[in-house]
Amino acid sequence: MKKRIVIFDDDNTRRDSLSILLNLCTDLECVGAFANAVNAVKNIGETNPDLVLMDIDMPGTNGIQATTEIKKSYPGLTIIMQTVFEDNDYIFESLKAGANGYLLKQTHPDKFLEQIREAFIGGAPMTGSIAAKVLQYFYYKPPVNEYKLTEREMEILKLLVAGHSYKMIAANSNISYNTVCNHITKIYHKLHVNSASEAVNVALTKKIV
Amino acid sequence: MVICTVNCSAQLYKNEFEKGKMLDSFYTENLHRKDLRESVYASMQAEYKRTRDNEILLYEKFLKQVVVAKTDITVADNMRLTVEDVYKDYPNTRARVYYFLGQKYLHSQNFEKAFDMYFKVEELLEKYTYKTITAYSTYYQRIGEAYYQFRNYKKAINYILKGSENPLLEFDKWEFYNTVGLAYKELNLLDSSTYYFQKALAEIKDKKSIHATVSLGNIGYNYYLKNDYTKAQPLLELDFKNALEYREFALAAGAAIPLADIFISRKEFNTADSLLKKARCFINVSTQVSRLEKYYPVMGNYYAANKNFELAALYKDSAIRAIRFNDSVFSNLYVMHAQQRNSLAKIAEEQERLAVYKKLTTARIIGIGSVLILCGIILFLVLKYRNRIKKDNQKIEELNRILAIRQKLSADMHDDIGSTLSSISIYTHSLLIQPQIDAQKKVLEKIRDNTQSVQQNMSDIIWSVNPDMDNAEHVFARMRSFGAGITESAGVGYVFNEDQQLHRFSLPMDIRKHLYFIYKEAINNAVKYSGCKTITVNIILVNDNILSINIKDDGKGFDINKKPSGNGLINMSRRAADINAALIINSGFGYGTEIILKMQLPV
């Protein structure tokens, strides 16, 4: 069964090229390509994808807002952010909003497909600069107990910051590649929960009962 | 001739005091001795010829004028008006002229003018002292006497005493003691008065002289005032007798009146009456009508004693009026004078205060002015400084704005280019997934790889100008990440070791960029051409300030002597040279390739 993928990107060429590539894969298919995320939730409702490729920088509703909206209605849906610039505060914001990972647009098509496939099995891509931001986030906003980072998780993030790849981390820490991926996934989860609960808190404090 | 003149003037200066005294004596002779006048003038002419001293010439003229002025008051008036101009260089002569005029006016009962003149003399006396004004004592004495006449007894004593200050000066001691005695008498300090009268008497050699008489009379009068009639009477009688002998009727009257009072007290009315009649007569003759002041009260006593109270009262009234009249004549002027002096003093004081105030104000103005100017300068500098800062800030803002725009443009550009390039890469990959002929496949791969390469380079450029990536830590992280990526794809082993001590250094933009690109080139070369199994990277700190990057592969190596075919190695050398780094390439067939980059770290 082919995995259903939906693309949100304001660049025509990218939408076109990606959808062609995806459709050429035996295990993947592109079921929708949208120029903006104004009607994201509706679009998803209509196309019923397994994975969403979300461009961050779009006119109208930007990727972060769209992610938030989608996650409300479809919390289990995997959303992977797309961006040209890796050092982008927006990436971190979108991750907090619930994205399951991000990929740079410049990623080699091979690697790109590989990472999408991994995402279906729970993998979550992350690079050094974002790892640094995650660490900072947990440092400055001490969360509720069970959502604190474990030592191992912090270690992995630090190694990511230092430029190690997942494979190198696995080699250095004497764990398997998969374990590393799992850890990253857990980190994301905690990020979501924390950011979500943070959002709730903010809402409560702002509400005038 | 010249020498003589010099000598003479020197002599003259030394003898100014002598000259003064000489002139004083000429004055006295000229005034009192008609017969000596001509010889006086002759002597003066001779002196003038000898010394060529202008003062002598002028003085001679003055003496001649004195003679005329004695009888002609207009001459005196003229002198008064011209004295300042004519004698302006000769204070001594000026004093003399004023003094003469003072005496003249006093005798002609022009009291106002007299005191005016005396005032001028006083001024000169205070200013020039006895050294210049040689008749110092005389003037003070005479002025003191004038005050005595005008009932300012304290001042009289003051002035007369002042005149006797300097022992060098000659003055008429009898006059001095006598007048002081009189003043003390008027002040009712009878003991001091008698003391001085006796001193005066002691000065007289000839006990029969008029001066002795006066002294005796004064002493006697003091006894009378003390009601010691027994002691008073003989002295007064002697005084009366001698006065008559000398035909000094005023003095006689002066003695007769108290005598009469003594006889009245003894009820010897006839003697008293005859004395009083004589006294009245003498007063008329002598024209010293001020004596009536003493005369009337005694007349009053006489009639009171004779039970003629009406007349007694009348006489007492007259006495009061006489006193009042004397007072008014004398005290008005006195008051006026006092007031004048006061005002003048006040004016002088005001002027001085004004001058001081002006000086102070000027000083204050200068002070405040300079402070203001200083403030102005400071303000100006501050404003200028602030202005410059503002301008600089504006410039910086402007530059920042331009930078922001440039960054936005480049971001947009990269975004656009990046998107397109990645699309090209994806399109190409799509073709590659489908079955291709080898030749086509090769081409497609090249297209894809090139676009990837460009995207990577763009990303590297963006990273290299990011100011937040200054720290050495970040640079090595990116190096490690790049190496990991490319080796993992190529299936090559990768070891990356970095010295944590290096983390304290920061690498500025251009150094960062060059280092990274050199590193990239080295890794790319190793991966692409060496056919190695493992690439090992060691980054160490040498001697605490030298960075050493060592990239070693265990590949096939190459001949370093052969000229390089591509530009890669040339570019590496150029970049190394640009950042003052040493680049060492070791390679040999079978040995592999080692690239060592050494650089001094910025502090």
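Below, chains carry the letters A, B, ... as their sequence lines are ordered, and counting in each starts from 1.
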Sorted by chain and number, sequence neighbours left out, ring pair (Phe, Tyr, Trp, His ring centres under 6.0 Å) with Tyr427(B) holds for none

With under 30° as parallel and over 60° as perpendicular, where do the rings of Tyr516(B) and Trp463(B) fit, or are they tilted in between? tilted

Residue, of Thr107(A), Asp57(A), Val161(A), that accumulates the most heavy atom pairs under 4.5 Å with chain B: Thr107(A)

Asn550(B) and Lys598(B): CA distance, side-chain angles, deciding distance, side-chain hydrogen bond (donor to acceptor under 3.5 Å, both in side chains) verdict: CA-CA 9 Å; Asn550(B) 188 314; Lys598(B) 277 208 170 89; over 6 Å; no

Ile433(B), part contacting chain A, at a heavy-atom distance under 4.5 Å: side chain

Has Lys513(B) got more than 12 heavy atoms of other residues, nucleotides or ligands less than 6.0 Å from its NZ? no

Please determine, among Leu113(A), Asn23(A), Leu24(A), Asp9(A), the option with the most heavy-atom pairs under 4.5 Å with chain B. Leu24(A)

Atom pairs and distances, side-chain donor-acceptor, residues 574-582 of chain B, under 3.5 Å, sequence neighbours left out:
{"residue": "Asp578(B)", "atom": "OD2", "partner": "His514(B)", "partner atom": "NE2", "Å": "3.4"}

For chain B, find which of Lys111(A), Lys167(A), His108(A) contributes the most heavy-atom pairs closer than 4.5 angstrom. His108(A)

Which portion of Leu18(A) sits near chain B, non-hydrogen atoms under 4.5 angstrom: both

Measure Asp16(A) against the heavy atoms of chain B and call it side chain, backbone, both or neither at under 4.5 Å. both

With Phe34(A) via ring pair (Phe, Tyr, Trp, His ring centres under 6.0 Å) - residues at least two apart: Phe8(A)

Contacts with chain A made by residues 434-454 of chain B (heavy-atom distance under 4.5 Å), listed by residue number: Gln434(B), Arg448(B), Asp449(B), Gln452(B)

Is the number of heavy atoms from other residues, nucleotides or ligands within 6.0 Å of OH (Tyr529(B)) greater than 12? no

Could you check whether any side-chain heavy atom of Tyr102(A) comes within less than 4.5 Å of a side-chain heavy atom of Ser94(A), counting everything from C-beta outward? no

So is Lys133(A) actually on top of Phe92(A)'s ring, under 6.0 Å and inside 45° of the axis? no

